[in-house]
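Single-structure report; data block below.
In the text below, chain A, chain B and the rest are named by the order of the sequence lines, each starting its count at 1.
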Protein chains: 2
Amino acid sequence: MSSAAPCLCARLRQGTRRLSAHYDAALAPLGINIAQYSLLRNIGALAPVSLTDLGRATSLERSTIGRNVRVLQRDGLVAAVRSDGDQRAACIELTPAGRDCLRRALPLWQRCQREIRDRLGPERVDTLLDVLSAL
Amino acid sequence: MSSAAPCLCARLRQGTRRLSAHYDAALAPLGINIAQYSLLRNIGALAPVSLTDLGRATSLERSTIGRNVRVLQRDGLVAAVRSDGDQRAACIELTPAGRDCLRRALPLWQRCQREIRDRLGPERVDTLLDVLSAL
DNA sequence: CATGGATGCGAGTATATACCCGCATCGCGG
DNA sequence: CCGCGATGCGGGTATATACTCGCATCCATG
């Protein structure tokens with residue numbers, strides 16, 4: 001029986017792909033996806049921030065952060081700033097274009113959040129967040 | 001307020017990364033990860049199966065399936081079979097090594113499933129599966 | 001039977017993600 | 001002050017994933 005049970009991880013991955021596609025589609029007019037939006041939000045909240053700290057905040061590998069930030073940097077949404085202290089740290093902050101992108105993305109993102117909340121109901125959303133935290 | 005609310009998608013992605021890492025670590029002794037295990041299970045259940053049908057079964061892009069299957073094929077876990085009908089279909093099935101890998105992976109996977117179920121409790125697991133289906 | 005739309009795939013390209021290695025810098029202990 | 005472990009990053013490599021394009025095959029219709 002248990003060998004026929006659904007794989008929790010596979011289901012979670014599948015749900016994540018589907019939900020990400022939904023958010024990605026909503027953000028597409030701005031040329032960013034949900035991973036980038038999330039990273040931009042984190043940078044905006046923590047800036048100026050080092051790649052290592054960004055990795056800690058997002059639970060992402062530092063090297064992953066580096067590559068993802070590079071894309072945002074290429075697109076002019078974030079920029080490196082001179083760090084006063086540690087010369088190793090590559091401190092990152094939003095550019096005006098990045099702030100503008102975040103601002104315009106907000107309603108699109110909120111719409112996605114609302115849609116999901118409406119579809120699932122507030123209780124199940126809260127349960128989901130709770131379970132994800134416990135994961 | 002809502003702009004400060006947690007991003008459901010980001011949380012889901014984060015939880016998926018964490019859970020996947022857990023399953024990946026458990027399956028590492030067999031040289032496969034959870035995505036490959038899941039794909040192998042699907043192939044085992046549907047074989048002989050075309051890439052397109054595999055994609056439908058897993059909600060993955062057909063081109064993604066093609067690339068993922070290629071890795072399994074390179075590792076000798078799956079093989080293409082002559083299709084009696086449509087000459088376009090690249091019918092895939094498990095090799096004996098693939099079946100053996102699945103067999104040995106089963107207890108490792110079950111252990112992961114049990115750990116998660118123990119950590120979350122059966123109700124929350126069921127709720128999670130329910131929510132993911134509704135996503 | 002011939003042709004054109006539908007379908008199945010592969011390849012190109014791009015991002016997300018992780019792991020490992022090597023380099024540069026930092027800071028502490030001698 | 002000097003050296004060595006700790007820390008921060010970039011690059012290499014690999015897989016997962018998606019989108020697009022082009023090719024081959026299929027099939028229904030004329």
Side-chain angles (χ1 to χ4, degrees), chain A residues 9-10 12-25 27-28 31-40 42 48-56 58-75 77 80 82-92, chain B residues 9-10 12-25 27-28 31-40 42 48-75 77 80-92:
Chain A
C9 190
L12 194 59
R13 291 169 66 87
Q14 189 175 341
T16 296
R17 285 197 302 272
R18 185 159 24 232
L19 190 62
S20 292
H22 188 64
Y23 279 71
D24 285 352
L27 294 169
I32 60 173
N33 58 33
I34 182 57
Q36 294 170 332
Y37 175 71
S38 178
L39 187 49
L40 281 176
N42 273 282
V49 62
S50 73
L51 298 184
T52 296
D53 286 345
L54 262 182
R56 291 204 186 96
T58 56
S59 300
L60 282 169
E61 275 294 308
R62 196 196 40 66
S63 65
T64 298
I65 287 286
R67 290 168 211 277
N68 293 359
V69 164
R70 198 183 308 161
V71 175
L72 298 179
Q73 206 163 359
R74 183 203 61 197
D75 294 346
L77 301 177
R82 266 271 156 276
S83 83
D84 296 336
D86 198 324
Q87 290 305 309
R88 297 167 301 179
C91 280
I92 298 296
Chain B
C9 191
L12 194 59
R13 291 170 65 88
Q14 190 174 341
T16 296
R17 285 197 302 271
R18 186 160 24 234
L19 190 61
S20 293
H22 189 63
Y23 280 71
D24 285 352
L27 294 170
I32 59 173
N33 60 33
I34 182 58
Q36 294 170 333
Y37 175 71
S38 179
L39 187 50
L40 280 176
N42 273 282
V49 63
S50 74
L51 297 185
T52 295
D53 285 345
L54 262 182
R56 291 207 185 94
T58 57
S59 299
L60 282 168
E61 274 294 307
R62 197 195 41 64
S63 65
T64 298
I65 287 285
R67 287 167 213 277
N68 293 0
V69 163
R70 197 183 306 161
V71 175
L72 298 178
Q73 207 164 358
R74 183 203 60 195
D75 293 347
L77 302 177
V81 283
R82 266 268 157 280
S83 84
D84 296 337
D86 197 324
Q87 291 304 309
R88 295 167 302 179
C91 279
I92 298 295

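Helical stems in DNA chain C, defined as runs of 3 or more consecutive Watson-Crick or G-U wobble pairs with both donor-acceptor distances under 3.5 Å, are listed by first residue as C:1-30 with D:1-30.
At the phosphate of D:dC9, OP1 or OP2 sits under 4.0 Å from a side-chain N or O atom of A:Thr52. Taking side-chain N and O atoms only, A:Gln87 has no distance below 4.0 Å to OP1 or OP2 of D:dC9. Within the 4.0 Å cut-off from OP1 or OP2 of D:dA18, at least one side-chain nitrogen or oxygen of B:Thr64 is found. The side chain of A:Asn33 contributes no N or O atom lying less than 4.0 Å from OP1 or OP2 of C:dT15. Taking side-chain N and O atoms only, B:Arg17 has a distance below 4.0 Å to OP1 or OP2 of C:dT17. Not one side-chain nitrogen or oxygen of A:Arg88 sits closer than 4.0 Å to the OP1 or OP2 atom of C:dC23.
Put simply, the side chain of A:Arg17 reaches to within 4.5 Å of the side chain of B:Leu60, judged on heavy atoms.
Not a single donor-acceptor pair, N or O on each side, falls under 3.5 Å between the base of D:dC9 and the side chain of A:Ser50.
If you check every strand for non-hydrogen atoms under 4.0 Å, A:Arg56 touches sugar and phosphate atoms only.
Listed by residue number, the members of residues 66-74 of chain B with any heavy atom below 4.0 angstrom from DNA chain C are B:Arg67, B:Arg70.
Scored by the side chain to side chain contact (heavy atoms under 4.5 Å, CB included) test, B:Ala25 finds no partners at all (sequence neighbours excluded).
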